[in-house]
Amino acid sequence: MDKAFKTEELNSLSRRDFFKKTASVSAVAAAAILSPSSLFADDENIVHHTQWGTTLGNELNENPYGLPSKYEHNVVRRTSSLMSSAGDMHAAVSMTPLHELEGIITPNGLHFTRTHNGIAQIDPNKYRLMIHGLVEKPIVLTLEQLKRYPSESRIHFLECPSNGAGEWKGPQFNSLQFLKGMMSASEWSGVRLKTILDELGLKPTAKWMLAEGSDGSEMGRSVPVEKALDDAMIVWAQNGEALRPEQGYPVRLLLPGWEANLCVKWLKRLEFSDKPWYAKEETSKYTALMPSGKAIQHFYALEVNSVITSPCPEKPWSDLVGGELVEIEGLAWSGHGTITNVDISLDGGKNWVEAKLKGLVLPKSWTRFSYMHKYVKEPLLLQSRAVDDSKNVQPTVNQEKAIMGVEGVYHRNSICTWEVTLKGEVNNVQVRSI
Amino acid sequence: MFKLDLYKLITTSVALVLSSTLLYGGSDTSTLPGKYVSKMGAVDGGVTYPRKNGIYTAYRYNEQSTKGVNFGRLPTANELKAWDVDIMPDGTGLPDGEGSVSEGDELYEKQCSSCHGEFGAGGKGYPTLTGGNQEKLPNGVIKTLTNQRIEPGMEAPKRTIGTYWPKASTLIWYIRDAMPYAHPKSLSNNEIYAITAYLLAQDAIVIDGVEMDDEYVLNKEKLMKIKMPNENGFYPNIDGPNGVENVRKFFSDRAKNIGSGTRCMKDCKDLSTKGNEPTVMKIDNEITDVVPPYTTVRDLPPEIESKLESKAEKMYNDACKLCHGSDKMGAPVVGDIEAWNKVTQKGFEKVVHNAIDGMGGMPPKGGFENFTNSEVQMIVEFMINSSKKKQ
């Protein structure tokens with residue numbers, strides 16, 4: 001290869017980009033795959049021994065719990081003073097880096113976190129759970145006693161109903177992490193609430209359950225008994241280990257598919273009554289103000305939703321040169337049931353093609369979808385649209401806005417749009433009339 | 001394991017006919033993983049899935065009887081008394097006690113105003129509690145709650161106690177359990193009645209035909225009589241024997257009540273199509289105030305400085321940062337050299353003295369009365385040292 005050409009190219013492109021470019025645009029290069037080539041500069045990572053291959057590695061139990069590679073230090077939850085009160089991070093929210101996740105499970109340290117009075121630090125030896133009210137036999141349990149109940153494990157997403165709340169009036173953050181990062185998914189382990197209630201004997205007059213946390217905000221919510229007897233769980237583990245303090249250690253309520261706010265953390269008390277409670281978080285907050293001036297209350301399930309995770313603003317296509325076959329990948333989920341279909345649009349919603357679901361397809365869980373795209377260097381408006389087995393179809397921004405208006409704060413599930421520029425950069429935009 | 005479960009994965013369309021028949025492997029493309037027997041009509045508008053023959057969607061479950069699994073014990077009367085203290089709109093759980101609007105005014109100034117602003121009017125970054133226009137439309141809806149900020153210049157709907165909260169019981173319950181923010185559960189019953197009275201008075205709430213003046217004393221009986229201005233501003237109706245059914249009915253009609261999409265595949269027309277092109281709204285003012293800053297680089301982390309937190313720093317973080325960490329609170333911000341130059345002009349002794357006795361919106365020792373004077377001095381030193389020009 002001409003040395004002058006090589007130097008000039010490398011000045012403007014990274015070495016890796018250079019190889020990709022050469023490989024994809026050159027017919028000669030394609031042939032080079034078949035036989036050893038003198039066309040490329042040697043990669044020093046291949047022709048020389050590596051540092052880690054020529055030295056003794058670290059001791060195996062250096063980190064008895066285990067830590068990610070040091071090189072992954074930028075894969076973290078992020079927050080913004082906008083998502084707090086006056087920058088105070090005790091009542092705030094931090095977002096999961098969805099652009100860095102694979103599959104349908106969120107590592108525990110990256111689970112999005114919302115607290116109303118800081119992260120309670122509970123001594124498990126002093127933890128107690130009380131279940132009382134309209135039951136034949138009220139009960140108090142220690143953590144050890146609770147964990148004696150037969151356990152079940154379920155994979156479910158948890159989403160704050162404020163996910164994307166900043167975007168009702170238009171796009172705000174140029175980031176997947178901030179557009180949709182108020183959600184995560186885990187395998188949760190604990191006891192099905194019905195297993196305990198069968199033993200305690202729910203009285204026929206019991207219609208509502210109060211779930212109350214033991215943190216400084218004493219977070220409380222009213223839950224219909226029907227949910228408590230269906231798939232509700234009292235969980236003490238996520239992804240095989242104890243809940244993280246951020247997720248309610250040692251015990252939280254899990255109401256699959258419902259507002260994460262209802263899945264009360266640091267759970268202290270379940271009381272059964274014939275009436276709902278009107279707790280602060282189900283009146284002054286977590287109610288969706290509609291254009292009529294009235295608000296929807298007891299807005300439980302998160303609606304069918306989806307977002308393309310690759311590409312995204314954090315993981316653009318600016319390294320592609322055109323001609324590549326590339327995967328469009330994303331997440332779909334619904335609190336109403338199971339994802340059945342996801343469609344992809346490349347032109348802002350005019351035309352759609354069906355994507356393929358991949359991996360485990362579970363109820364009230366993240367579901368991965370994939371669409372193989374022949375990339376041509378041209379602007380695109382990428383969208384995904386999910387459908388579930390409750391006959392929900394994800395709405396466009398306009399369809400959602402026509403009913404919900406723009407002041408509801410909660411339960412925004414309209415279609416997301418990534419603008420892919422000529423250069424392959426990806427921006428958060430919205431296709432909408434006003 | 002999952003393969004076995006597949007045998008039970010059958011479509012909703014044939015669910016009634018086939019309960020456990022093997023369908024997998026047929027030509028019907030709807031017999032794919034993830035399609036389960038489901039039943040419409042859940043209270044949230046979604047589906048439920050049966051548990052049958054040890055199979056629940058993709059999961060197996062334990063079919064053995066759990067009857068007789070019995071751990072824990074009955075709570076004692078005192079334990080119930082200690083924890084069963086929630087307050088309901090019908091007055092259940094309301095504590096005994098009383099407090100006047102003027103007592104509440106004094107308490108509010110000390111305990112609440114540093115976050116919620118003068119008279120509950122907000123402005124400090126924490127929730128605005130009072131104010132907003134309660135004027136109603138002929139249909140009984142509070143007019144300002146219909147504001148939609150689609151047009152520029154439109155004011156946001158104000159969701160305050162007076163314009164939004166449906167029940168007064170919520171207010172007194174939340175104040176008792178969760179306030180003041182940094183010292184929840186520290187107020188006496190008389191104090192919570194007083195603060196509640198003060199806040200309701202700011203919103204001109206009328207109780208049983210009586211306006212709340214400074215001398216007005218709120219107690220259990222009076223609180224139960226309160227009708228909040230926006231009491232009827234929420235739906236579906238969750239009260240009464242049909243409450244849960246109202247919720248179910250509401251969420252079963254999602255297309256009408258919360259909006260739904262349509263599965264068009266070709267030449268789809270949305271309201272946002274101008275001619276043949278979609279109208280795209282781009283980010284106007286991008287929010288970039290992100291911590292830590294965005295990056296996807298995979299490199300070695302910067303050298304971590306030995307970050308041994310001093311006792312003073314820890315106490316500052318736990319107790320003082322809430323107000324002194326942000327310029328929104330009106331307190332001199334730690335790290336703001338100019339602001340602290342002004343403070344220290346009074347002389348160190350005086351600054352410590354003010355911190356111990358309280359000044360402006362700051363209660364004595366910032367509300368942490370268990371701190372000793374020398375601890376307060378230590379924290380003040382830390383705050384001053386952290387607000388000097390770096391050498």
Side-chain angles (χ1 to χ4, degrees), chain A residues 71 73-74 78-81 85-87 130 138-141 145 148 150 170-174 195 216-218 224 226 276 278 280 283-284 291 293-295 297-298 300-301 314 336-338 348 352 361-363 389-390 393-396 398-400 403 405-407 429-434, chain B residues 33-34 38 43-44 46-48 57-58 66 70-72 75 83 88-89 125-126 141 145-146 148-150 157 165-167 170 174 177-178 184 233-235 238 244 247 259-261 263 265-266 268 270-272 278 280-283 286-287 289-291 295-298 300-301 322 326 328:
Chain A
Y71 292 91
H73 70 99
N74 288 320
R78 290 188 165 79
T79 186
S80 167
S81 66
S85 294
M130 185 183 286
I139 195 175
V140 279
L141 291 158
Q145 288 166 337
R148 287 280 181 208
Q172 280 197 319
F173 286 98
N174 206 21
T195 304
S217 83
E218 210 86 2
E226 174 178 318
Y278 289 89
K280 181 236 178 190
T283 53
S284 87
K294 288 195 169 195
Q297 61 182 350
H298 286 245
Y300 307 126
E314 293 95 328
H336 280 121
T338 307
W352 297 83
V361 180
L362 302 171
D389 63 353
S390 302
V393 180
Q394 195 180 350
T396 64
N398 282 326
Q399 283 169 333
E400 181 173 46
I403 308 276
V406 297
E407 301 289 353
V429 300
Q430 286 182 15
V431 172
R432 63 188 287 164
S433 46
I434 336 170
Chain B
S38 62
V43 64
D44 60 11
V47 296
T48 53
T57 66
T66 56
N70 182 9
F71 297 97
W83 276 17
M88 297 177 97
Y126 289 81
V141 165
L145 294 181
T146 65
Q148 294 281 314
R149 281 173 292 167
I150 291 186
W165 293 41
K167 305 287 180 190
T170 310
Y174 192 73
D177 284 359
F234 297 83
Y235 64 100
I238 54 171
V244 175
V247 174
S260 176
R263 200 161 175 230
M265 299 303 284
K266 279 259 164 289
C268 309
D270 189 55
L271 298 169
S272 54
V280 174
M281 184 188 278
K282 302 200 178 195
I283 295 174
E286 189 186 340
I287 296 170
D289 163 26
V290 165
V291 186
T295 173
T296 54
V297 168
R298 282 180 162 73
L300 287 173
L322 213 55
S326 153
K328 301 243 172 62

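Protein chains get the first letters and strands the later ones, always in sequence-line order, with residue 1 at the start of each. Keep in mind that what you see is a predicted model, and the values were worked out from it rather than measured.
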If you tally heavy-atom pairs under 4.5 Å between each of P171(A), P291(A), A301(A) and chain B, the highest tally belongs to P171(A)

Crowded around R298(B) CZ? As in, over 12 foreign heavy atoms under 6.0 Å?
yes

Could you tell me which non-hydrogen atom of F173(A) sits nearest to which non-hydrogen atom of V290(B), and how far apart they are?
CE2-CG2, 4.3 Å

At what distance, to the nearest 0.5 angstrom, does CG of N70(B) lie from CZ of R148(A)?
13.5 Å

So which of S80(A), P150(A), G87(A), G170(A) has the biggest tally of heavy-atom pairs under 4.5 Å with chain B?
S80(A)

Quick check for you: among G337(A), P276(A), G405(A), which has the greatest number of heavy-atom pairs under 4.5 Å with chain B?
P276(A)

Given a strict heavy-atom distance threshold of 4.5 Å, which part of H336(A) is in contact with chain B: side chain, backbone, both, or neither?
both

To the nearest 0.5 Å, tell me how far L300(B) CG sits from H73(A) NE2.
7.0 Å

Looking only at heavy atoms and a cut-off of under 4.5 Å, which of I287(B), T296(B), T146(B), V297(B) has the most pairs with chain A?
I287(B)

Exercise: identify the closest heavy-atom pair between S390(A) and G46(B)
OG-CA, 3.6 Å

Any Y300(A) side-chain heavy atom under 4.5 Å of V247(B) side chain
yes

For the student: nearest non-hydrogen atoms of I139(A) and P75(B), plus distance
N-CD, 3.6 Å

Could you tell me which of T295(B), T66(B), V244(B) has the largest number of non-hydrogen atom pairs under 4.5 Å with chain A?
T295(B)

Non-hydrogen atoms of Y278(A) and I238(B) that approach each other most closely
OH-CG1, 3.4 Å

Can you tell which part of V291(B) gets under 4.5 Å to a heavy atom of chain A, answering side chain, backbone, both or neither?
both

I'd like to verify something: which residue of P395(A), G216(A), A295(A), G293(A) has the highest number of heavy-atom pairs under 4.5 Å with chain B?
A295(A)

Measure Y174(B) against the heavy atoms of chain A and call it side chain, backbone, both or neither at under 4.5 Å.
side chain

Looking only at heavy atoms, the pair that brings F71(B) and Q145(A) closest together is CB-O, 3.8 Å

Where on K167(B) is there a heavy atom nearer than 4.5 Å to chain A: the side chain, the backbone, both, or neither?
side chain

Tell me if a side-chain donor or acceptor on Q148(B) pairs with a main-chain N or O of V406(A) at a distance below 3.5 Å.
yes

Residue among T283(A), T396(A), T195(A), L141(A) with most heavy-atom pairs under 4.5 Å to chain B
T283(A)

Most contact-rich option vs chain A, by heavy-atom pairs under 4.5 angstrom, among D177(B), D289(B), V43(B), T48(B), is D289(B)

Note: S260(B) and V393(A) closest approach over all heavy atoms is OG-O, 3.8 Å

What part of W165(B) lies closer than 4.5 angstrom to a heavy atom of chain A: side chain, backbone, both or neither?
side chain

If we define contacts as heavy-atom pairs under 4.5 Å, which of Q172(A), E218(A), Q394(A) has the most with chain B?
Q172(A)

Give a yes or no answer on whether the side chain of E407(A) reaches the backbone of P157(B) with a donor-acceptor pair at less than 3.5 Å.
no

For E314(A), is it the side chain, the backbone, both or neither that has a heavy atom under 4.5 Å from a heavy atom of chain B?
both

Please flag which part of V47(B) lies under 4.5 Å from any non-hydrogen atom of chain A: side chain, backbone, both or neither.
both

